[in-house]
Amino acid sequence: MEYNDRLARFRQGHLNPFNKQKESKSDLEPSQDTPPSSQVSVPEFQCPERVMDLGVLEDHFSRPVGLFLASDIQQLRQAIEECKQEILELPEHSERQKDAVVRLIHLRLKLQELKDPHEDEPNLRILLEHRFYKEKSKSVKYLCDKCNTFIWGLIQTWYTCTGCSYRCHSKCLNLINKSCVRSKVSHQAEYELSICPEAGLDSQDYRCAECRTPISLRAVPSEARQCDYTGQYYCSNCHWNDLAVIPARAIHNWDFEPHKVSRCSMRYLALMLGRPVLKLREINPLLFNYVEELVEIRKLRQDILLMKPYLITCKEAMEARLLLQLQDRQHFVENDDMYSLQDLLDVNSGRLGCSLTEIHTTFAKHIKLDCERCQAKGFVCELCKEGDILFPFDSHTSVCQDCAAVFHRDCYYDNSTSCPRCTRLNLRKQVHDPADEL
């Protein structure tokens, strides 16, 4: 109450002079009974009572207690506890309580700086095959993968693994017990192709599959969360209910609905997303009977493989770098049966069919129209000896499996005899066979 009274008198003594009412002349004129010495008015600022109104006895300009004077962590913690106790004792919504809250915030920031210093932190840390690099971003949109709390980039040092994108505070680095997922991808790049292979919580001894924390379905002591990819159960620190497309569901059921997975599975699936490790003909050959888009993609990939010999032997095509249009899907120019999970996602959305059709058209235009060297490598149907120049990737042609000669499809199937080119090559071998000369 004493503080509030002094504050009220201070504000009353410093009102805007233009808002004051003009004093009456009778108050300004000295009284005849007043002695001459007392007729001189004394300014208000010289009154001893006004000195207290200025708040000189209150130290408004000194640093808050415990803010910067505390030099170590123990002193800061003690100052924080004293400040918290002071906040509880002060009246609610008062000015002094607000000032104490601000002082508490500064104390906690200072404590965090001492516990997590920016200086003398290496830019690179290697732990459990992780390659952690110090981040310079001040963003607060990330969570620490170790302690599951926000990363305050403004006052905290934090690191990110370049291999698996594992993020954590610098103070949490030495507490990490999970190896980098990229090492698993490098040594064993394959998917779990069984749909949610659950073995039961009792097979895990009622513990988290990763950190071995006790868990149960009743959330006592910790909630058991199932990963739809591995089928195992994890604690809330290792399973954040992240969503991901499950490869087994996509291959067997053509289901691309995201399901909940653990943090480790999410990183593994993210790293494996573009790797061509799915051989659909062996895993689920019936899938091509139900998904028409896959049949179209397979035909386009087969045509591109037939165009590849023309493009890699053509100087103009190499200078134009036509094959680099497939640099994001390098396996498309190596085989026609391996797919990545990203390929299946793009097939389902229709993006892959459109982009691959454009690339197919560009390659065919170069070989059949733009380049004379590539046109000279075409074929003439030896069965009818009519028509335009044929190429093995044309839709109306058939290719001999032995000599790779190209014919019209109707001519090839109507002629039940052997291939003319194969017959000619066999006769040439018999004429020049060294065994006949001996």
Side-chain angles (χ1 to χ4, degrees), residues 108 112 115-116 127-130 132 135 139-153 156-161 163-185 188 190-253 255-273 341 345:
R108 285 181 171 174
Q112 186 62 46
K115 294 171 62 176
D116 188 19
L127 296 170
L128 298 177
E129 300 185 357
H130 291 279
F132 287 106
E135 292 287 351
S139 175
V140 295
K141 64 180 179 180
Y142 298 121
L143 288 173
C144 177
D145 286 307
K146 178 59 184 176
C147 63
N148 197 12
T149 59
F150 274 108
I151 297 176
W152 299 95
Q156 292 177 324
T157 306
W158 60 291
Y159 288 81
T160 301
C161 176
C164 62
S165 300
Y166 189 97
R167 302 181 184 91
C168 68
H169 301 100
S170 62
K171 62 181 181 181
C172 299
L173 280 178
N174 296 327
L175 303 177
I176 295 176
N177 52 11
K178 306 172 185 177
S179 59
C180 184
V181 180
R182 181 172 288 275
S183 61
K184 180 181 177 181
V185 174
Q188 188 181 5
E190 59 183 11
Y191 285 116
E192 172 61 55
L193 297 179
S194 299
I195 298 178
C196 194
E198 181 182 2
L201 191 56
D202 56 342
S203 64
Q204 301 178 202
D205 195 20
Y206 294 92
R207 294 181 178 273
C208 174
E210 189 167 344
C211 67
R212 307 305 297 168
T213 300
I215 56 177
S216 69
L217 296 177
R218 297 181 179 179
V220 178
S222 179
E223 178 186 4
R225 299 178 179 179
Q226 186 181 29
C227 174
D228 195 79
Y229 174 69
T230 62
Q232 295 178 317
Y233 291 88
Y234 299 82
C235 64
S236 58
N237 289 332
C238 300
H239 195 311
W240 295 3
N241 291 328
D242 298 303
L243 298 177
V245 176
I246 309 301
R249 295 184 182 273
I251 295 173
H252 295 294
N253 299 335
D255 177 18
F256 295 93
E257 189 71 22
H259 291 75
K260 295 180 180 180
V261 296
S262 64
R263 295 291 293 174
C264 183
S265 298
M266 185 198 66
R267 295 191 192 93
Y268 183 79
L269 292 174
L271 292 175
M272 290 284 292
L273 186 62
L341 184 59
L345 288 169

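Small disclaimer: the values here were computed from a predicted structure and weren't measured.
A donor-acceptor contact shorter than 3.5 Å links the side chain of Tyr229 to the backbone of Glu192. No donor-acceptor pair under 3.5 Å is formed between the side chain of Glu210 and the backbone N or O of Cys264. Of the possible donor and acceptor atoms, one in the side chain of Asp255 sits under 3.5 Å from a partner among the backbone N and O of Glu257. Here the side chain of Arg267 pairs no donor or acceptor atom with the backbone of Val181 at under 3.5 angstrom. Between the His239 side chain and the Gln226 main chain, a donor and an acceptor come within less than 3.5 Å of each other.
Annotation: cation-pi geometry satisfied between Lys184 and Tyr268 (NZ/CZ under 6.0 angstrom from ring centroid, within 45° of ring axis).
Contact check for Tyr191 versus Leu269: side-chain heavy atoms found under the 4.5 Å cut-off. No side-chain heavy atom of Leu273 sits less than 4.5 Å from a side-chain heavy atom of Val245. Annotation: side chain of Thr213 is not in contact with side chain of Arg207 (no heavy-atom distance under 4.5 Å). Side-chain contact between Cys180 and Cys164 is present, with at least one heavy-atom pair separated by less than 4.5 Å. Using a 4.5 Å heavy-atom cutoff, the side chains of Lys146 and Leu173 are not in contact. Taking 4.5 Å as the limit, some side-chain heavy atom of Asn241 sits within range of a side-chain heavy atom of Arg225. Contact of the Cys168 side chain with the Ile176 side chain is registered, since non-hydrogen atoms from C-beta on lie closer than 4.5 Å.
There is no side-chain donor-acceptor pair under 3.5 Å between Ser179 and Glu129.
To the nearest 0.5 Å, atoms NZ (Lys260) and CG (Asp242) are separated by 10.5 Å. We find the OH-OG1 distance between Tyr166 and Thr160 to be 11.5 Å, quoted to the nearest 0.5 Å. Between the CG atom in Asp145 and the SG atom in Cys172 there is a gap of 10.0 Å [rounded to 0.5 Å]. Interatomic distance, Glu190 CD to Met272 CE, rounded to the nearest 0.5 Å: 8.0 Å. A distance of 12.5 Å separates OG in Ser262 from CG in Asn237, rounded to the nearest 0.5 Å. With rounding to the nearest 0.5 Å, the separation of CD in Gln204 from CD1 in Ile215 is 5.5 Å.
The minimum heavy-atom distance between Trp240 and Cys144, with the atom names listed, is CH2-O, 3.6 Å. When every heavy atom of Cys227 is checked against every heavy atom of Cys196, the shortest pair comes out as O-SG, 4.3 Å. Closest heavy-atom contact between His252 and Leu193: NE2-O, 3.1 Å. When all heavy atoms are compared, the tightest approach of Tyr233 to Gly200 is CE1-C, 4.3 Å.
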Working note: Ser236 + Glu223, criterion side chain to side chain donor-acceptor pair (under 3.5 Å); need CA distance, chi angles, decisive distance, verdict. CA-CA 6 Å; Ser236 58; Glu223 178 186 4; over 6 Å; no

CA sep, side-chain torsions, deciding dist, call: His169, Thr149, side-chain contact (heavy atoms from CB on, under 4.5 Å): CA-CA 9 Å; His169 301 100; Thr149 59; 3.4 Å; yes

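Classification of the Phe132-Tyr159 ring pair by plane angle, with boundaries at 30° and 60°, yields perpendicular. Taking the six-membered ring for Trp and thresholds of 30 and 60 degrees, Tyr142 and Trp158 have ring planes inclined between 30 and 60 degrees apart.
Salt bridge status for Arg249 with Asp228: present, with a side-chain N to carboxylate O gap under 4.0 Å.
The environment of NZ in Lys178 is crowded: more than 12 heavy-atom neighbours from other residues, nucleotides or ligands sit within 6.0 Å.
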